[in-house]
Amino acid sequence: MAEEKIVNKIVPVETIIEIANYLEDQTEEYKRLFEMDEQKNRGLKFSEQIHEYKGDYPKIKYTVEYKNGKELTETNYNWFIGALDNLEAIKRISMYCDISYSSNVRDRNNYEYKKIHIWLHFTEDTVSISVDGRYEEEQTNRIHSYIRGLIEKNDDRYNKTVRNRKIRIQSFCFSIGFILSYIIYFILMANKDKIPVQLSNY
């Protein structure tokens with residue numbers, strides 16, 4: 001699947017953490033499948049082994065690029081969550097999830113090499129998503145749709161800007177109105193003796 005860019009969205013840190021949690025859950029589920037597959041084939045002769053999930057355990061890499069040029073990459077989830085505490089200093093956040101394995105369920109002598117690769121890049125005004133799969137189209141589509149939904153449910157940056165601008169304009173207009181009202185009031189009070197009694201009473 002080609003890289004997709006989502007622009008004009010205000011993506012809060014809570015959404016970034018929710019996506020990280022989702023990817024962690026995905027890798028944990030595949031780790032469980034890998035372990036079950038390993039147990040199922042343990043003790044069998046090589047010629048008798050039939051694997052569904054054989055390969056290196058899935059992993060996630062988190063990269064944080066700071067505004068001062070420093071860039072750090074870790075696989076530790078807790079490190080990543082801690083790094084998000086200083087969001088003002090961050091220029092870009094990236095996540096890369098790799099799930100790759102071989103499967104020979106249908107043919108013991110030949111393997112199918114399956115993969116799911118997920119890339120996410122967060123900047124101030126753009127989120128880039130790429131979910132690529134081989135023999136895993138249904139799963140990649142499901143992952144892509146879920147992540148995209150998490151991002152799309154956030155406010156539009158433009159709408160919030162316009163909303164804030166309208167609030168500022170309304171506040172300014174109210175302020176001007178109050179100032180003019182007081183000016184007229186003081187002018188009338190200063191010229192109280194020169195205006196008709198009925199208008200003065202009003």
Side-chain angles (χ1 to χ4, degrees), residues 1-9 11-41 49-66 69-84 87 90-154:
M1 185 177 292
E3 183 179 303
E4 176 185 16
K5 291 185 182 296
I6 299 176
V7 297
N8 195 34
K9 282 291 179 184
V11 182
V13 68
E14 291 80 10
T15 297
I16 296 173
I17 292 173
E18 192 172 356
I19 292 171
N21 289 337
Y22 175 71
L23 294 180
E24 289 284 342
D25 289 342
Q26 292 297 307
T27 57
E28 287 301 318
E29 175 60 21
Y30 275 94
K31 285 177 184 178
R32 187 183 66 82
L33 294 171
F34 278 40
E35 289 169 359
M36 289 174 57
D37 187 73
E38 187 178 337
Q39 290 175 5
K40 183 184 70 177
N41 287 282
Q49 293 179 7
I50 301 177
H51 291 278
E52 293 181 72
Y53 301 94
K54 184 176 178 65
D56 295 330
Y57 274 17
K59 59 182 178 292
I60 304 175
K61 288 183 180 178
Y62 300 104
T63 299
V64 177
E65 183 181 342
Y66 293 92
K70 186 178 181 181
E71 184 176 306
L72 298 173
T73 299
E74 294 283 346
T75 57
N76 185 284
Y77 169 82
N78 292 325
W79 171 87
F80 175 65
I81 298 303
L84 297 179
L87 211 57
I90 296 175
K91 179 181 178 182
R92 187 166 90 157
I93 297 167
S94 301
M95 301 181 200
Y96 170 64
C97 180
D98 175 41
I99 302 169
S100 302
Y101 60 95
S102 56
S103 177
N104 63 344
V105 167
R106 286 182 284 275
D107 185 351
R108 186 178 296 168
N109 298 315
N110 294 294
Y111 285 91
E112 280 185 349
Y113 294 96
K114 300 182 178 183
K115 69 173 183 178
I116 300 172
H117 291 168
I118 305 159
W119 294 270
L120 285 154
H121 304 290
F122 299 88
T123 59
E124 186 177 355
D125 59 356
T126 305
V127 181
S128 299
I129 310 172
S130 177
V131 184
D132 181 39
R134 184 180 185 185
Y135 299 117
E136 290 284 2
E137 287 78 10
E138 185 177 338
Q139 177 74 336
T140 55
N141 288 335
R142 186 176 65 81
I143 291 171
H144 179 269
S145 296
Y146 185 81
I147 294 173
R148 194 180 200 286
L150 290 177
I151 296 166
E152 288 287 356
K153 73 180 182 181
N154 292 297

Inset, instruction - For salt bridge (charged side-chain N to carboxylate O under 4.0 Å, His left out), just list the numbers for Glu35 and Arg32, CA-CA rounded to whole Å, side-chain angles, deciding distance to a tenth of an Å, and then say yes or no. - result: CA-CA 5 Å; Glu35 289 169 359; Arg32 187 183 66 82; over 6 Å; no
Inset, instruction - Locate the shortest heavy-atom distance separating Ile60 from Cys97; write the atom from each residue and the value. - result: CG1-SG, 4.0 Å
Inset, instruction - State which residues pass ring-ring contact (aromatic ring centres under 6.0 Å, His included) with Trp79; sequence neighbours excluded, sorted by chain then number. - result: none
Inset, instruction - Take Ile6 and Val11 through the test side-chain contact (heavy atoms from CB on, under 4.5 Å) and record every step on the way to the result. - result: CA-CA 10 Å; Ile6 299 176; Val11 182; over 6 Å; no
Legend entry - Distance-minimising heavy-atom pair for Gln139 and Ile116: CG-CD1, 3.4 Å
Inset, instruction - Could you tell me which non-hydrogen atom of Gly133 sits nearest to which non-hydrogen atom of Thr140, and how far apart they are? - result: CA-CG2, 3.3 Å
Legend entry - Side chains of Ile143 and Gln26 in contact at under 4.5 Å (non-hydrogen atoms): yes
Legend entry - Residues, nucleotides or ligands: over 12 heavy atoms within 6.0 Å of Lys54 NZ: no
Inset, instruction - Mind jotting down which residue pairs meet the salt bridge (Lys or Arg N to Asp or Glu O under 4.0 Å) criterion with at least one end in residues 96-105? Sequence neighbours excluded, please. - result: Lys59-Asp98
Inset, instruction - With sequence neighbours left out, write down each residue that passes ring-ring contact (aromatic ring centres under 6.0 Å, His included) with Tyr22, or none if nothing qualifies. - result: Tyr146
Legend entry - Results of side-chain hydrogen bond (donor to acceptor under 3.5 Å, both in side chains) for Asn154 - residues two or more places apart only: Thr15
Inset, instruction - Please indicate whether Glu137 has more than 12 foreign heavy atoms, meaning atoms of other residues, nucleotides or ligands, lying under 6.0 Å from its CD. - result: yes
Legend entry - Listed partners of Glu74 passing salt bridge (Lys or Arg N to Asp or Glu O under 4.0 Å), at least two apart: none
Legend entry - Listed partners of Lys5 passing salt bridge (Lys or Arg N to Asp or Glu O under 4.0 Å), at least two apart: Glu3
Inset, instruction - Find out whether Ile93 and Phe80 are in side-chain contact, i.e. whether some heavy atom of one side chain is under 4.5 Å from a heavy atom of the other. - result: yes
Inset, instruction - Taking side-chain hydrogen bond (donor to acceptor under 3.5 Å, both in side chains) as the test, write out the residues that go with Arg92, two or more places apart. - result: none
Inset, instruction - Please check if atom NZ in Lys40 has more than 12 non-hydrogen atoms from other residues, nucleotides or ligands closer than 6.0 Å. - result: yes
Legend entry - Interatomic distance, Arg148 atom CZ to Ile129 atom CD1 [nearest 0.5 angstrom]: 6.5 Å
Inset, instruction - Output the distance between atom CD (Glu65) and atom OG1 (Thr73), rounded to the nearest 0.5 Å. - result: 9.5 Å
Inset, instruction - List for me each residue that meets salt bridge (Lys or Arg N to Asp or Glu O under 4.0 Å) alongside Glu71, sequence neighbours excluded, and say none if there are none. - result: none
Legend entry - Euclidean distance, Ser103 OG relative to Tyr53 OH, rounded to 0.5 Å: 7.5 Å
Legend entry - Val7 backbone acceptor or donor facing Asp125 side chain under 3.5 Å: no
Legend entry - Approximate separation, where rounding is to 0.5 Å, of Leu150 CG and Ile17 CD1: 12.5 Å
Legend entry - For Lys115, all residues meeting salt bridge (Lys or Arg N to Asp or Glu O under 4.0 Å), sequence neighbours excluded: Asp132
Inset, instruction - Please answer whether the main-chain N or O of His51 pairs with a side-chain N or O of Asn104 as donor and acceptor at a distance below 3.5 Å. - result: yes
Inset, instruction - Taking all heavy atoms of Ile99 and all of Pro58, pick out the closest pair and write down the distance. - result: CG1-CB, 3.8 Å
Legend entry - ring-ring contact (aromatic ring centres under 6.0 Å, His included) partners of Phe34, counting only residues at least two apart: Tyr57, Tyr101
Legend entry - Derivation of the side-chain contact (heavy atoms from CB on, under 4.5 Å) call for Ile16 and Leu120: CA-CA 10 Å; Ile16 296 173; Leu120 285 154; over 6 Å; no
Inset, instruction - Start with the C-alpha distance between Met95 and Ile19, add both sets of side-chain angles, then the distance that settles side-chain contact (heavy atoms from CB on, under 4.5 Å), and finish with yes or no. - result: CA-CA 9 Å; Met95 301 181 200; Ile19 292 171; 4.1 Å; yes
Legend entry - Aromatic contact, Trp119 with His121 (centres under 6.0 Å): no
Inset, instruction - Hey, could you give me the OG/CD distance between Ser102 and Glu112, rounded to the nearest 0.5 Å? - result: 10.5 Å
Legend entry - CA sep, side-chain torsions, deciding dist, call: Ser130, His117, side-chain contact (heavy atoms from CB on, under 4.5 Å): CA-CA 8 Å; Ser130 177; His117 291 168; over 6 Å; no
Legend entry - Sequence neighbours excluded - salt bridge (Lys or Arg N to Asp or Glu O under 4.0 Å) pairs with any residue from residues 13-28: Glu18-Lys153, Glu28-Lys31
Inset, instruction - Taking the side chain as every heavy atom from C-beta outward, state whether Met36 and Glu52 have any atom pair closer than 4.5 Å. - result: no
Legend entry - Ser145: partners by side-chain hydrogen bond (donor to acceptor under 3.5 Å, both in side chains), with sequence neighbours left out: none
